[in-house]
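Input: a single structure, listed below in structure tokens.
Reckoned from all heavy atoms, side chains included, excluding hydrogens, waters and symmetry mates. Letters go in sequence order (proteins before strands), and every chain restarts at 1.
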Amino acid sequence: MPELPEVEVTRIGLLPHVRGRRVTGIAVRNPFLRYPLPPDLGARVVGRTLAGIARRGKYLLFDFEPGVLLVHLGMSGSLRLVPADTPPDRHDHVDLLFEKRALRLRDPRRFGAMLWLDKDSGAHPLLRTLGMEPLSDTLTGEVLHLALRRRSAAIKQVLMDSHVIVGVGNIYASESLFRAGIRPSTAAHRISRSRCARLVEAVKSTLQDALAAGGSSLRDFVGSDGKPGYFQQQYFVYGRVGLPCRLCGAPIRSLRQGQRSTFYCPHCQR
DNA sequence: CTGGTCACCTGGAAGC
DNA sequence: TGCTTCCAGGTGACCA
């Protein structure tokens, strides 16, 4: 999916256009996402004013005061604002109508989600168990070192575990480990305190750089304005198997971890 | 609790 | 050209 930067780019892009606006209708063309759409979604949001959009991990939280509309983009989801009369594509499953414009959810693979959470949305099972926000001050090298103590799994897989840290997906896990100079296969609990500090800085800088570039243009992703991001031009390792490392020239290698591809430089990462 | 595997779904690219 | 196989941003459920 869109990882944290792409989700945040979407949030920031939408916010000024929809905050304070009233939902005038909805259109559901296919309610079968990862979870079925709530049958009463229309009754919950139509006529309500959107107070703001928050983000927790890769979840977008549309605040309608009495409750929250939770949206997850899965692997292939995107949200865009289009003129309300724009003909839908075959994977445009849901529209939230705001007067003359539609906030349109497109998701070819349908791994995404759209749910209604009543007050106290943070207590929802999907949100309650989430780990630390990587860009918050909560995440420090010390805290990460502690969190990794009982984890013998490979650091790449622990980095992607949303119950530890949220928002770091397959692309940014590889990129962060490259920046930190750490082998993705290293057992998490064998990483020293000082290397954890370096890793935390690498995760933060990777996500921030991606955010500044407007995210990555993924196969199925476009930002809320329909424009692509450019961060993929800055990838050090992701998708670069066989190509020379941008720092040392050694050929980038790949391996499989938990049925996902990992990329790393055998010389820069130990 | 932890780690490993599977499933969910569609489409594009590569291989034969 | 057409069919088959593999691969893709996520993550909850299930098992040992």
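- Comment: A:Arg11 engages A:Glu8 in a salt bridge, judged by a side-chain N to carboxylate O separation of less than 4.0 angstrom.
- Computed from coordinates, the A:Phe32 CZ to B:dA7 C1' distance equals 18 Å when rounded to whole Å.
- Under the 3.5 Å distance criterion, with hydrogens and angles disregarded, no donor-acceptor pair is assigned to the side chains of A:Glu175 and A:Thr206.
- Proximity of A:Ser76 to the phosphate of B:dT10: no side-chain N or O atom is located under 4.0 Å from OP1 or OP2.
- Here A:Arg34 does not reach the OP1 or OP2 of C:dT11: none of its side-chain N or O atoms lies under 4.0 Å away.
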Counting Watson-Crick and G-U wobble pairs with both distances under 3.5 Å, what is the dot-bracket string for DNA chain C, 5' to 3', using [ ] for crossing pairs and | for pairs to another strand?
.|||||||.|||||||
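- Nearest nucleotide to the side chain of A:Arg256, out of C:dC7, C:dG10, B:dG11: C:dC7.
- Going from atom CG of A:Asp107 over to atom P of C:dG10 covers 13 Å, rounded to whole Å.
- The local environment of CZ in A:Arg29 is crowded, with over 12 non-hydrogen atoms from other residues, nucleotides or ligands closer than 6.0 Å.
- A straight line from CG of A:Asn30 to C1' of B:dT10 spans 12 Å, rounded to a whole angstrom.
- For the pair A:Asp161 (side chain) and A:His163 (backbone), a donor-acceptor distance under 3.5 Å is present.
- Of the N and O atoms on the side chains of A:Tyr235 and A:Ser216, at least one donor lies less than 3.5 Å from an acceptor on the other residue.
- One finds no side-chain N or O of A:Ser162 lying less than 4.0 angstrom from the OP1 or OP2 phosphate oxygen of C:dG10.
- B:dG11 and C:dT11 have their P atoms separated by 22 Å, with the value rounded to a whole Å.
- In this structure, of B:dG4, C:dA8, B:dG11, it is B:dG11 that holds the atom nearest to the side chain of A:Arg90.
- In terms of phosphate contacts, A:Arg260 brings no side-chain nitrogen or oxygen within less than 4.0 Å of OP1 or OP2 of C:dC7.
- For the pair A:Arg109 CZ and C:dT11 P, the interatomic distance rounds to 13 Å; values are reported in whole Å.
- A:Glu142 has a carboxylate O that lies under 4.0 Å from a charged side-chain N of A:Arg193, or vice versa, which qualifies the two as a salt bridge.
- Here C:dT11 presents its P atom at 8 Å from CG of A:Leu130, a figure rounded to the nearest Å.
- Between B:dT2, B:dG11, C:dG10, one nucleotide has an atom nearer to the side chain of A:Arg150 than all others, and that is B:dT2.
- The CG atom of A:Asp161 sits 12 Å away from the P atom of B:dG4 (whole-angstrom rounding).
- Between A:Phe231 and A:Tyr172, the gap from one ring centroid to the other is short of 6.0 Å.
- Contact check, A:Arg128 against C:dG12: no side-chain N or O comes under 4.0 Å of OP1 or OP2.
- Ion pairing of A:Asp89 with A:Arg80 is absent here, as no side-chain N (NZ or NE/NH1/NH2) approaches a carboxylate O to less than 4.0 Å.
- Phosphate contact (OP1/OP2 of C:dG10, side-chain N/O of A:His72, threshold under 4.0 Å): absent.
- Nucleotide B:dC8 holds its P atom 22 Å from the CG atom of A:Leu73, rounded to whole Å.
- Checking C:dT11, B:dC8, C:dA8 against the side-chain heavy atoms of A:Phe111 singles out B:dC8 as nearest.
- The phosphate of B:dC1 has neither OP1 nor OP2 within less than 4.0 Å of any side-chain N or O from A:His163.
- No donor-acceptor contact under 3.5 Å links the side chain of A:Arg110 to the base of B:dC9.
- Separating the CG atom of A:Leu127 from the P atom of C:dG12 is a distance of 10 Å, rounded to the nearest angstrom.
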